[in-house]
Structure formats: C-alpha cells, structure tokens
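Keep in mind that what you see is a predicted model, and the values were worked out from it rather than measured. Every chain is numbered from 1, with letters handed out A, B, ... down the list of sequences.
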There are 2 protein chains.
Amino acid sequence: MSVSGVNGTGQRRPTMKEVAARAGVALKTVSRVVNEEPNVSPELTAKVQAAIKELNYTPNESARMLRRGRTGTIAVVIRDIGDPFFASLGRAVELWARSSGSVVMIGLTDEDPERERDVCLEFVARRPDALIMAPIGETQEYLAPHVDAGMAVVTIDRPAHGIEADAVLADNAGGIDQAIDHLVRQGHRRIAYLGDDERIFTARERVVAYRAAMARHRIEVDEDLVHLSEPTTEGIGITLSAVLDRPDPATALLSANNMTTAEVLRGLAGRRDRVALVSFDDLQLGDLLSPGLTAVAQSADVMARTAIQLMTERLPEPHRPGRTVRVPVKLTIRGSGEIPPPS
Amino acid sequence: MSVSGVNGTGQRRPTMKEVAARAGVALKTVSRVVNEEPNVSPELTAKVQAAIKELNYTPNESARMLRRGRTGTIAVVIRDIGDPFFASLGRAVELWARSSGSVVMIGLTDEDPERERDVCLEFVARRPDALIMAPIGETQEYLAPHVDAGMAVVTIDRPAHGIEADAVLADNAGGIDQAIDHLVRQGHRRIAYLGDDERIFTARERVVAYRAAMARHRIEVDEDLVHLSEPTTEGIGITLSAVLDRPDPATALLSANNMTTAEVLRGLAGRRDRVALVSFDDLQLGDLLSPGLTAVAQSADVMARTAIQLMTERLPEPHRPGRTVRVPVKLTIRGSGEIPPPS
DNA sequence: CTGTTAGCGCCTTCAT
DNA sequence: ATGAAGGCGCTAACAG
C-alpha cells in the first residue's frame, strides 16, 4: 500500500539537502526546481524531480516562512463557526486562500474579549499576512505592532478600535428601518424589540435605529417592550412572557439577530399568541417554517467577498488609511411579519 | 491611541536579539523568560520583561517551529464549514487547541477528492502535529510520509485508506435499523430511500443497511424507490415526483443525510402529499418545523470529542495501529415520522 | 544562574 | 546555468 516505509518507525522527513545529495546537485538547484525558478536545465530538473519522488520530499513551510518573511497564512477570528453568517465568511476566505496558495487559521471568541485577545496573540505569533475578524473587545490596540509591521486587518460586522483597519459593516439602520416600516404598514404600533447584549456593536446600532424609526413614525417607545440580553432559551422565554403576558401585549416582535430569532421561535412554539415577527438576520431554513420567516437578510457572501477585496487591496499597501464599506440588507417577506394586529 | 509608532510606516518587528541588547542580557536569557524556563533571577526577568514591553516584542513562531520541530498546529479538513456536523467538529477542535496552546488550520474539500489532496498537501507542508479529516478520496496514501514522520491522523465520519489512522464513525447501520423499524411499526412498507452519492462512505453503509433492514422485515425493496444522488434542489424535486407521483406511491421517506433532508422538506412544501419522513441526521431547527422532524441524530459533539481523545492518545505514540470507534446514534421522534400510511 | 555556540531547513546574494 | 556561503529568529546542548 504505502509508497514509503509502510508506516514504519519514526522516519525523519527528508530535507532539501538530502534531495540534493541524492540528485547529485547543489542545494540551490533543488530550491530552484521546487520553486519553479527559471534557468535550470531540463536534465537537472528531471534528476531533482526523481529524487524528490523517491524520497517523498515535501518542502518545510516553516523554514520557508522564516526565510522569506511572508507566511501565506490568513487568520480568521470570529464568534462561532456554527453561525451561518460566519460560516459563509469562513467558506469565502478559505476559497480565496486556496486559490492564492494560502492557508486559513480559524479562532473562535464566543464573544469573549479576553478570548479574542488570546486567540489573536496566538495567531500573530504566526505572522499571518492578514487578519480578518469580527471584533468584540473594546480595543484591538494590542495588534498595533503587527499592523505597523504590515499585517492587513479587515473587520467584518463590526469596526476595530485603536488600529488602522478596513471594515465591512451591514446597513443596520437601514434594515431596522425596513423592518419597522413594514410592521407599521401592517398596522402595528406595539412593536417589541428583542436584541442582543449592547456590548456588541451591531446590537447598539440596531437598537438606536429602532428608536429612531419608531420616532419617525411618531410612536412612543414603551421601554418595557425593549429587551437587550444574551439570547438563551430561558432568557428569551422570560422576555416573551414579559412582552406578551400583559394587559396591552406587543402585537409584533422585532428580533434583532439570528440567535435571538431561533429562541423566539422556540418560545412562541410553546405559546398560542398570534404575534407578528420580523427578524434581523435570516435563518438557514427560514423558508421551511410555517409561517415562513420574514427577515432582514444580510448577504454574508457579499460581505465576505467585500472583506476579501479590501484585504487584497490592503496587502500591498498596508499603511493606507482604513476604509469602511456598508453593505445593504434586504427584507424578505415570507409570512411571519405579515400577521396583522388583533383588531 | 496606539501604543507603538501610531501605525507609522513599515516597522520591522523586533527580534529576541534586540530585546537582549535592550535589556543588557544574553539572547538565551530572553528565550528563558519568554518560555518561562526556571533559573532566571527575578531582576533579569524584570529587565527582560520591561524590554519586551517597550519594544512590543512578540516571539516569531515560525522560527520556534523550525527549531523545535513541533508546530502546535492542528489541521482540519472537512467538506464544508456550514454543515452543522462539521461546524461542531471545528468548534470542538478549536476549543481543545486553545486549551493546549495550539492553532487550527481549516481546509474545505466540498467532497472533491482532488481538492482534498491539494488542501492536505498544502497543510502537511506546514507540518501540523495532527490532521483531523473526513476523507472523500479513495486513498490518503499521499499522507504516508508524514504519518511515518509522526503526524497523527484521525478521521471522522469516514475511514482513511492507505495510511495508519484512527477513525470515529457513526453507527450508520444501527441508525438506519432504528429508522426502518420505526416506520414499519407505523405500518409503512413502501419506504423510499433517498441517499447521497455512493462515493461517500456513509452513503454506502447506509444504503446497505437499508436493504438489510427491509429484508429483516421481509419487505422486498422496490428499486424505483431507491435514489442515490447529490442533493440538489432540482434533483430532489425530480426524485420526489418519481417516488410519489405513481400508482403505488411511497408512503414514507427515509432521507439519509441532512442536506438531502433539507431539500426533501423544500420539495414537500410545494406538494400536498402526506408522507412520513425520517431523516438520518438532524437539522438545526428540526424542532421548529411542523410537523417536527423525526430524525436519527448523530452526536457531533461526542464524535468530535472522541476524535480529539484518539488524537491526544496517538500524539505521543504516532506509530501505534489505527483504532476505529463507532458512536451510537439516537432516534428523536417529533412528528414527521409518525404520519401513518393512508388506510 | 547565565552565556556561548551551533544549526533547524530554506532562500538570498553573490560568485563562477 | 549552477553552486557556496550566509543568515532568517529561535532553542538545544553545552559550557562557565
């Protein structure tokens, strides 16, 4: 089976030097062949390639990185790989990486600033060419020396602080506007807002936009209908009963992120209210629910591609000023948001 | 803001040598402090730490890896990061990696053997300590030299070929048995089987188990009810009409993987059959559908933790024979599988 | 406890 | 077109 020593005992991997000896050429000639540099005669090329094959030689990237200074590595730091939004980002980055001969390191923060810092420091020790991240900590100042040294930083979903970086952000305000306009158009006025912890940038932008949109429609916000917290099954259950089990219950819910939406759906499944729901962020199977989920969808792919675009532009010019790109969002109507208020 | 040169122009990163000079000590002393080796006086430690801080020194992991031979890197090669099963795997590996000071590289194959090979070769050039993969290619022989050299390979979901590796597999036969038993118990006999491409190991195991289970119940398999193909929206639509639009339609569907199930649900949403459905693999929001999805759930977490366990055991002993662990699966009853056949 | 020397595997520079 | 020497940044193996 196995071409080499049939998984024998601990063989060392052959080095370029050994290949050179085997082929009867100088080290540098092997290097030339491996790197496909010009000016090697066909004969020597053949000899070297034969030796490479016989020895099962594979170049040691650590050594190459050390010598060249560039690593061909992209670091991605996100909350969670299971979130469809970040999964799309990861997929897009991986695709680009392979097409450019790079490799992707992934680190997860779980929205914990300390973990973000740990992961990032672990990563920068590996000298990635670029870092793509969804920051959660208050400052990313600790990355400054590496930005100075040429590492390209692009953030997605949220901006960075304390460093010069590009950012790709969703049009949070526009999305909330569309959602509120839609619900008001159906006749709703008691619209509850269920959002994430205000530590998170998007959560802050969205709740501000909610208040602004309500004001625009001259609807006074009932503070008892505004709930900002981490989306746990239990917490959302309590929140739902807070906004629905009261004399003047909310007639519509605006859920401001996908994890909250999933828990809201779980919570509503155990109740018999007929309440409208619009979600900021779509769910993977949102079209299969009944009613279908009316959602403001962010295009994760567009955002990911934008981030990669910014990164490739920044790579050759690492010290240019940071740019921010806002990506539009789109309201998708499927049923849950078109439930009218009880008349 | 920025502690360092305020994102000035392209500064080189300081090296250990420069730190040593600044602190007035030898290179090796800095190395000792950085690596928290014993036998450094508190005074020198303080001096060195001060110099590190002033210069914003961070160790260069490439150099360290080259010197030490170990890289503190785990490579993960899977079909798609967006698949909840593989997302769980990625999450578990990342968690372990951070706790052990390692870093995770992720590569995606999209079930393409060539991409698998490319990605793996790119990765092994980086000399990961371990490789965790869901193989798709016929052989992973090309990894043999690196396995010989001590790289620990653990596969998940499917076994490897041509190399010595550990494997974590789901109890595919047991899961199919449970599904068929359940459907037969409801009175179904015309049970269609919708599976994935037979290139995939699990697809093969599952269809074999389907035939065996049917035989056990003395039900002759109608070959027109067995469909194996890549799960595309269009393809599944055609398949559904093939098994349902006929004089003696299937009364139950066994969908043999999560992507197929998602497309089956989409397809059924556009039809008005009342057909039972059991899925091998659960969906993230399977509990929110109506009826809820009856599914044979693999525990991605258990499988991931098992893989990590095998990996950590293999790491110090890379040449031990490969082990295979089967992880049990569990039928979760939620409604879709309890629809009786038309009487 | 501290420092010196050598070399990990490769690429860059310069010679031939 | 080919090769020899030097060094990327760090740590292992020895001195002192």
Side-chain angles (χ1 to χ4, degrees), chain A residues 11-49 51-52 55-73 101 124-127 129 145-146 149-150, chain B residues 11-49 51-52 55-73 101 124-127 129 145-146 149-150:
Chain A
Q11 285 171 270
R12 260 187 56 271
R13 274 176 264 236
T15 80
M16 203 171 250
K17 196 169 157 190
E18 296 171 54
V19 174
R22 182 97 151 125
V25 300
L27 187 62
K28 178 64 211 183
T29 303
V30 180
S31 173
R32 286 202 177 93
V33 172
V34 168
N35 293 294
E36 298 179 336
E37 287 173 36
N39 298 341
V40 182
S41 70
E43 301 92 77
L44 285 196
T45 304
K47 268 200 216 171
V48 169
Q49 279 165 343
I52 287 175
L55 296 175
N56 271 317
Y57 168 77
T58 51
N60 182 327
E61 204 57 39
S62 293
R64 202 183 236 160
M65 293 184 300
L66 178 57
R67 189 63 251 233
R68 300 223 276 218
R70 279 193 45 267
T71 59
T73 304
V124 294
R126 265 121 161 139
R127 307 289 189 258
D129 301 331
H146 300 93
Chain B
Q11 284 171 270
R12 261 188 53 271
R13 275 177 265 236
T15 82
M16 202 172 252
K17 196 169 156 188
E18 295 170 56
V19 174
R22 182 98 150 126
V25 299
L27 188 60
K28 178 65 206 183
T29 302
V30 179
S31 172
R32 287 203 175 92
V33 172
V34 168
N35 292 295
E36 298 179 337
E37 286 174 36
N39 297 339
V40 182
S41 71
E43 301 92 77
L44 284 198
T45 304
K47 266 200 218 171
V48 169
Q49 278 165 344
I52 287 175
L55 295 176
N56 271 318
Y57 169 77
T58 52
N60 182 327
E61 204 58 38
S62 293
R64 201 183 239 161
M65 293 185 299
L66 178 58
R67 186 65 252 232
R68 301 220 278 216
R70 280 192 44 264
T71 59
T73 304
V124 294
R126 259 100 171 159
R127 307 290 189 258
D129 301 331
H146 300 94

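Residue-to-nucleotide contacts include a donor-acceptor pair under 3.5 Å from the side chain of B:Arg32 to the base of C:dT2. You'll find a donor-acceptor pair under 3.5 Å spanning the side chain of A:Arg67 and the base of C:dC11, going by distance alone.
Taking atom CD of A:Glu61 as the reference point, atom C1' of D:dC8 lies 14 Å away to the nearest angstrom. Rounded to an integer number of Å, the gap from A:Arg68 CZ to C:dT13 P is 13 Å. Atoms CG (A:Asn35) and C1' (C:dC10) sit 9 Å apart, rounded to a whole Å. Taking atom NZ of residue B:Lys17 and atom C1' of nucleotide C:dG3, one finds them 15 Å apart after rounding to whole Å. What separates CZ of B:Arg64 from P of D:dC8 is a distance of 18 Å, to the nearest Å. Taking atom CG on B:Leu44 and atom P on C:dC1, their separation rounds to 11 Å, with Å as the unit. Rounded to an integer number of Å, the gap from A:Met65 CE to C:dC11 C1' is 14 Å. Residue A:Met16 contributes atom CE, which lies 16 Å from atom C1' of D:dG7 at whole-angstrom precision.
Within the structure, every side-chain polar atom (N or O) of B:Ser62 is placed at least 4.0 Å from both OP1 and OP2 of D:dC10. In terms of phosphate contacts, B:Ser31 brings a side-chain nitrogen or oxygen within less than 4.0 Å of OP1 or OP2 of D:dT11. For the pair B:Thr29 and C:dC1, the criterion of a side-chain N or O lying under 4.0 Å from OP1 or OP2 is not met.
Of the candidate nucleotides D:dT2, C:dG3, D:dA1, D:dA1 has the atom lying nearest to any side-chain atom of A:Asn39. With distances taken from any side-chain atom of A:Lys28 to the nucleotides C:dT12, C:dG9, D:dC10, the minimum falls on C:dT12. Among the nucleotides D:dC10, C:dC10, C:dT2, the one closest to any side-chain atom of B:Ala63 is D:dC10. Distances from the side chain of B:Leu27 to the nucleotides C:dT2, C:dC10, D:dC10 place D:dC10 closest. Here C:dC8 is the nucleotide among C:dG3, D:dC10, C:dC8 with the atom lying nearest to any side-chain atom of B:Leu66.
At a cut-off of 3.5 Å, with distance as the only test, no side-chain donor of B:Ser31 or B:Arg64 sits close to an acceptor on the other residue.
Side-chain contact between B:Thr71 and A:Ser62 is present, with at least one heavy-atom pair separated by less than 4.5 Å. With contacts defined as side-chain heavy-atom distances shorter than 4.5 Å, the pair A:Met16/A:Val34 qualifies.
Counting any heavy atom pair closer than 4.0 Å across all strands shown, A:Pro59 reaches sugar-phosphate atoms only and no base atom. Among the atoms of the strands shown, only primed sugar atoms or phosphate atoms (P, OP1, OP2) are found under 4.0 Å from some heavy atom of A:Val25. Within 4.0 Å of B:Val34, counting heavy atoms only, lies no atom of the nucleic acid at all.
Summary of the strand contacts: A:Glu37 and A:Arg13 both lie near DNA chain C, and taking for each the nucleotide with the nearest heavy atom, the more 5' one is attributed to A:Arg13.
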Dump the intermediate steps for side chain to side chain contact (heavy atoms under 4.5 Å, CB included) on B:Leu44 and B:Val33, then the final yes or no.
CA-CA 9 Å; B:Leu44 284 198; B:Val33 172; over 6 Å; no
Give every donor-acceptor pair under 3.5 Å between a side-chain atom in residues 17-24 of chain A and any protein atom, sequence neighbours left out.
{"from": "A:Glu18", "atom 1": "OE2", "to": "A:Arg12", "atom 2": "NH2", "distance (Å)": "3.0"}
{"from": "A:Glu18", "atom 1": "OE2", "to": "A:Thr15", "atom 2": "N", "distance (Å)": "3.4"}
{"from": "A:Arg22", "atom 1": "NE", "to": "A:Glu54", "atom 2": "OE1", "distance (Å)": "3.1"}
{"from": "A:Arg22", "atom 1": "NH2", "to": "A:Glu54", "atom 2": "OE1", "distance (Å)": "2.4"}

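Of all heavy-atom pairs between A:Leu66 and B:Ala63, the closest is CD1-CB, 3.7 Å.
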